[in-house]
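Residue numbers start from 1 in every chain, and the chains themselves are labelled A, B, ... in the order their sequence lines are given, proteins ahead of strands.
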2 protein chains.
Amino acid sequence: MRYRKIPDESIRRLPVYLRGLLYFAETGAKGVSSEKLADFLHFNPAQIRKDFSYFGYFGIRGVGYDVNTLIKQTRNILKLGNKHKTALIGAGNLGKAILAYPGFGVYGFEILAVFDSDQAKIGKKISGRTVEDVSNLRTLKKRGISLGIVATPAPAAQQVADALVDAGITGILNFAPHHLIVPKKVKVITIDIAMELGRLPYYA
Amino acid sequence: MRYRKIPDESIRRLPVYLRGLLYFAETGAKGVSSEKLADFLHFNPAQIRKDFSYFGYFGIRGVGYDVNTLIKQTRNILKLGNKHKTALIGAGNLGKAILAYPGFGVYGFEILAVFDSDQAKIGKKISGRTVEDVSNLRTLKKRGISLGIVATPAPAAQQVADALVDAGITGILNFAPHHLIVPKKVKVITIDIAMELGRLPYYA
DNA sequence: TTGTGCTTGTGCTCACAATCACAAAGTAAG
DNA sequence: CTTACTTTGTGATTGTGAGCACAAGCACAA
Ligand SMILES: NC(=O)c1ccc[n+]([C@@H]2O[C@H](COP(=O)([O-])OP(=O)(O)OC[C@H]3O[C@@H](n4cnc5c(N)ncnc54)[C@H](O)[C@@H]3O)[C@@H](O)[C@H]2O)c1
Ligand SMILES: NC(=O)c1ccc[n+]([C@@H]2O[C@H](COP(=O)([O-])OP(=O)(O)OC[C@H]3O[C@@H](n4cnc5c(N)ncnc54)[C@H](O)[C@@H]3O)[C@@H](O)[C@H]2O)c1
């Protein structure tokens, strides 16, 4: 828009703003100011305004933002408008938790396929999805699945990522504590849970 | 040390360095250079050197770092030297996955207690631990448990955090998508999984 | 139409973080 | 001892983001 570059940190905050906005929508509020939203989410109001201003003029001075409009716009920015078909690879402990979690729905994600390499798991149903053989990952393209969640052990993560890339995936959420090498056009976000816990004692 | 302030981002990276160092130790390597470690973890070598240099002189010029010494020093910095007794609150899908995960052990964490509010779960065993009633959280202090992992639904998270603070906890790893308000002396790290997934389509 | 009050949108400044590039300091060989 | 080579440790530079403080703009009342 009228800015050159959009900070990555702003993108990171948008899903949080969306969660806050959905809360206000639930309470029946029509409008919300940057201050009210900031109070709820514990952010700085100016930061919220600036983050949104990177993408357009969504508010009305002296009034605030219309909740439903801003929700729609935020979904637009994050490309959450249409449903996102997602596959999970690795139906272990963490994988099962993710499959059971309904919270991804509000962002428009649908986990439609589950893959594993363990013959004992293949064919079994987990949270309504049948576990498939990981060697069938190439079918993702045909099925219009464009995102992958990697919940395999670290040593298997890179080869799974390679297969996902071959299957035409555009984004990967990776839980394995391992850096994934992928083509530039594919975005990887890694959540290293143990790492986060590992820095907690430092602050005590 | 000879620097005024230690960047928070450096602290964040140390557990990752530790993971890399443990890998090199496993392979039997005695020494490692910042470049080799950087290659493995996909970091900038200068950044690794600088991060460590905030805490002391651990390397030998022209040679590199001794793997085992650096592991020990990193554990020291992160205060992972002695075992950290940890409690999990919320024995749901995510909680069960965390209890089953052995990977926290390498950082010295032991999950010794599990709490839930669901009468149907209290008394049951999960991964070798007996689920206790959440109203008994105050016993944590006596038991020397100083860290808490919150895996309850968002609406319950704040009251659980309050109880943890009352029980003398010094750090919380929070999985609920909700900002926790705690005294300054208590450190909270929140992992919002859905938020991370929510920004993935933006980059596609 | 003018004034008052409110909230947005943003220029500017400060703070923090990443990276570069090189002196310092070690090893090893002659 | 001197030279060549290696890798650390860090000053200096560049890049990125957070937050303040205020002008701009809208609503509403008189
Ligand atoms: N569970 C946790 O709380 C937790 C915490 C931190 C990190 N992690 C990370 O998340 C990942 C999954 O953890 P988990 O506890 O669910 O492990 P898990 O062992 O319970 O599950 C891993 C699953 O991946 C499957 N698998 C192995 N190789 C595969 C391959 N090549 N293709 C497809 N599937 C394959 C296994 O059959 C198994 O079902 C690991 O990388 C782990 O380090 C988990
Ligand atoms: N499962 C996932 O993949 C996932 C993904 C993203 C975020 N999360 C978040 O992690 C948290 C846990 O998710 P989950 O899937 O395990 O949910 P869950 O519903 O399976 O488990 C929640 C557990 O917390 C217990 N609980 C409720 N109130 C409590 C209280 N006051 N004190 C103690 N225990 C209480 C419940 O009895 C239940 O056992 C939620 O906040 C969720 O939003 C989970």
TODO: Please tell me which of A:Glu9 and A:Gly62 maps to the more 5' nucleotide of DNA chain D, matching each residue to the nucleotide holding its nearest heavy atom.
DONE: A:Glu9
TODO: Name the pairing partner of D:dA30, where a pair is Watson-Crick or G-U wobble with both distances under 3.5 Å, or state none.
DONE: C:dT1
TODO: Quickly work out the A:Asp51 CG to C:dT10 P distance and round it to whole Å.
DONE: 13 Å
- [ ] Would you tell me if any nitrogen or oxygen in the side chain of B:Arg12 comes within less than 4.0 Å of OP1 or OP2 on C:dA17?
- [x] no
TODO: Starting at atom NZ of B:Lys50, determine the distance to atom C1' of C:dC20, rounded to an integer number of angstrom.
DONE: 10 Å
Open item on the list: Is A:Ser33 close enough to C:dT7 that one of its side-chain N or O atoms is under 4.0 Å from OP1 or OP2 there?
Closed with: no
- [ ] Compare all side-chain heavy atoms of A:Glu196 with those of B:Arg12 and state whether any distance is below 4.5 angstrom.
- [x] yes
Open item on the list: Check the phosphate of D:dC20 against A:Asn44, side-chain N and O only, distance under 4.0 Å to OP1 or OP2. Yes or no?
Closed with: yes
Open item on the list: Rounding to an integer number of Å, can you tell me how far A:Tyr65 OH sits from D:dC26 P?
Closed with: 14 Å
TODO: Please tell me which of A:Ile60 and A:Arg13 maps to the more 5' nucleotide of DNA chain D, matching each residue to the nucleotide holding its nearest heavy atom.
DONE: A:Arg13
- [ ] To the nearest Å, give me how far apart CG (B:Leu70) and P (D:dT7) are.
- [x] 16 Å
Task: Side-chain N,O (A:Tyr57) to OP1/OP2 (C:dT10) below 4.0 Å - done: yes
- [ ] Determine, using ring centers only, whether B:Tyr101 and B:Phe104 are less than 6.0 Å apart.
- [x] yes
Task: Side chain of B:Ala46 - closest among C:dC16, C:dT27, D:dT10 - done: D:dT10
Open item on the list: To the closest 0.5 Å, what do you measure between CG (A:Asn93) and CG (B:Leu99)?
Closed with: 9.5 Å
Task: Whole-Å distance separating the CG atom of B:Asp8 from the P atom of D:dT16 - done: 20 Å
TODO: Return the value, rounded to whole Å, for the distance between atom CZ of B:Phe43 and atom P of C:dA18.
DONE: 10 Å
TODO: Write down the distance between CZ (B:Arg49) and P (D:dG11), rounded to a whole number of angstrom.
DONE: 14 Å
Open item on the list: So, applying salt bridge (charged side-chain N to carboxylate O under 4.0 Å, His left out) with B:Glu132, which one of B:Arg143, B:Lys125, B:Lys121 is it?
Closed with: B:Arg143
Task: Any A:Tyr54 side-chain nitrogen or oxygen under 4.0 Å from OP1 or OP2 of C:dG9 - done: no
TODO: Looking at every strand, decide which applies to A:Ser34 at a 4.0 Å heavy-atom threshold: base, sugar-phosphate, or nothing.
DONE: sugar-phosphate
Task: Side chain of A:Arg61 (C-beta onward), nearest among C:dA17, D:dG17, D:dA23 - done: D:dA23
Task: Close side-chain approach of A:Tyr107 to A:Arg75, heavy-atom, < 4.5 Å - done: no
Open item on the list: Whole angstroms only, please: what is the CD-P distance between B:Gln47 and D:dT13?
Closed with: 20 Å
